[in-house]
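The structure appears below as structure tokens.
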Number of protein chains: 2
Amino acid sequence: MRDTAMGKGLRARGLRLTSQRLAIIKVLLEADEHLTPAEVLERGAGDCPGLGLTTVYRTLELLRKSGHVQRVHLEEGCHAYARLQEKEGHHLVCQGCHRVVGFPCTGLADLVDETAQRTGFSVESHLLELVGLCPACQESDSIECNAAGGTGDLPSV
Amino acid sequence: MRDTAMGKGLRARGLRLTSQRLAIIKVLLEADEHLTPAEVLERGAGDCPGLGLTTVYRTLELLRKSGHVQRVHLEEGCHAYARLQEKEGHHLVCQGCHRVVGFPCTGLADLVDETAQRTGFSVESHLLELVGLCPACQESDSIECNAAGGTGDLPSV
DNA sequence: GTACTTGCAAATAATTTGCAAATAT
DNA sequence: ATATTTGCAAATTATTTGCAAGTAC
């Protein structure tokens, strides 16, 4: 863990690599899904007994600030975390198993430019999140392995 | 208010148009920014004294389910609400004054299709939010009319 | 008249902070 | 050796729920 991008990222900022932080990084690297702080705690406690929720919150925030982890925004229950998996990470989230796959945001530039021109806004960043079903969850008859449920009960986007 | 899309939307669902709901709808229609439930309460209380926060939460949720209002996701302090302003609403949010402008998501289809093919996911919906500065806030020297502050202190997307 | 709504108060859940003890470097 | 980090407990903040009273239709 010490030599991962996350580990190096922390050191580069003059931060210390404690056993707690290493355990949290390990959890994030091994997870395919987005995780809440409580879930990170649960998994991390395996490697690091006595790990505290406060530390998890603080470490996730450090990793977010150094750009290694990103918040995943969900209609219900916001603020889960997932690591960035490819350059320029945006997230593709599975409704069934919560797996998160990153993808680059190429192809968005035109839309952003056009919108910026039309509105006069200067666009500094963007958040793009696709929601759907991963191959495995499509097969296993939709949402049966599900946890977070649907998005609502009427039309939306 | 009774004849607005929001008002009709509620009636269409067999819901009643109470003074509280009308006041909340008015607040949303008159706001250019995204608002937290507490802010909606504060403004709505002008028209409807005694309006309760519980009612605001419940009404925003009803409007969200009927597709007239959407949650705006922010890195810090998620879960503000803004009305949908154009078809297929996505949001362009001003960091300075929190104004929210909607825009249609045309141009995203290719990216979505390509990503779906590459990953095998079936994509059911997406969340796109652009963040930047509106024309007014660009002039008045960036973030001076600001409230929510920056996004962090290191690189990100 | 009746079913839907409201607002209060209380319950829950999520997140942050103060601080003394522990620890990485 | 020392500044950073931890974890507890407590404080905050956000959101939800039960329920009797009120109200739109």
query = Heavy atoms, side chains only, cut-off 4.5 Å: are B:L130 and A:V112 in contact?
reply = yes
So ring pair (Phe, Tyr, Trp, His ring centres under 6.0 Å) across residues 28-49 of chain B, not counting sequence neighbours, yields B:H34-B:H98
Rounded to whole Å, the CD-P distance (B:E61 to C:dT5) equals 14 Å
Taken in chain and number order and not counting sequence neighbours, the residues that satisfy salt bridge (charged side-chain N to carboxylate O under 4.0 Å, His left out) with A:R43 are A:E33
*asked:* Would B:K26 and B:D47 count as a salt bridge (Lys or Arg N to Asp or Glu O under 4.0 Å) here? Give the steps.
replied: CA-CA 9 Å; B:K26 183 154 173 266; B:D47 279 303; 2.8 Å; yes
Here the distance between atom P of D:dG22 and atom CZ of B:R16, to the nearest Å, is 17 Å
When rounded to whole Å, the CG to P distance for the pair B:L63 and C:dT5 reads 12 Å
Separation of D:dT6 atom P from A:L15 atom CG, nearest Å, is 10 Å
Item to complete: Output yes when at least one side-chain N/O atom of A:R21 is less than 4.0 Å from OP1 or OP2 of D:dT4, else no.
Response: no
Rounded to whole Å, CG of B:L22 lies from C1' of C:dT5 at a distance of 13 Å
Bend of the helix from C:dG1-D:dC25 to C:dT25-D:dA1 from end-axis comparison, five pairs per end, nearest 10°, comes to 50°
B:L10 atom CG is separated from D:dC25 atom P, nearest whole Å, by 11 Å
Please tabulate the protein-to-nucleotide N/O contacts below 3.5 Å involving nucleotides 7-13 of chain C, giving atom names and distances.
from  : atom 1 : to    : atom 2 : distance (Å)
C:dG7 : OP1    : B:Q20 : NE2    : 3.3
C:dG7 : OP1    : B:G50 : O      : 3.0
C:dG7 : OP2    : B:G52 : N      : 3.2
C:dG7 : OP2    : B:T55 : OG1    : 2.3
C:dG7 : N7     : B:R58 : NH2    : 2.6
C:dG7 : O6     : B:R58 : NH1    : 3.4
C:dG7 : O6     : B:R58 : NH2    : 3.1

So the salt bridge (charged side-chain N to carboxylate O under 4.0 Å, His left out) pairs with at least one residue in residues 95-113 of chain B (sequence neighbours excluded) are none
If you define the side chain from C-beta out and look only at heavy atoms, does anything of A:H91 sit under 4.5 Å from A:F103? no
Under-4.0 Å side-chain N/O to phosphate OP1/OP2 contact, B:T18 with C:dT6: yes
Problem - Any side-chain heavy-atom pair of B:V131 and A:E124 under 4.5 Å - result: no
inquiry  = Using side-chain hydrogen bond (donor to acceptor under 3.5 Å, both in side chains), reason through A:Y81 and A:R64 one step at a time and then give a plain yes or no.
reply    = CA-CA 9 Å; A:Y81 286 80; A:R64 189 180 72 79; 4.9 Å; no
Testing D:dT4, C:dT16, D:dT16 for proximity to the side chain of B:Y57, the answer is D:dT16
To the nearest angstrom, the CG-C1' distance between B:L62 and C:dT6 comes to 13 Å
Residues passing the side chain to side chain contact (heavy atoms under 4.5 Å, CB included) test with A:Q20, sequence neighbours excluded, are A:T18, A:C48, A:L51, A:T55
Separation of C:dT5 atom C1' from B:R11 atom CZ, nearest Å, is 16 Å
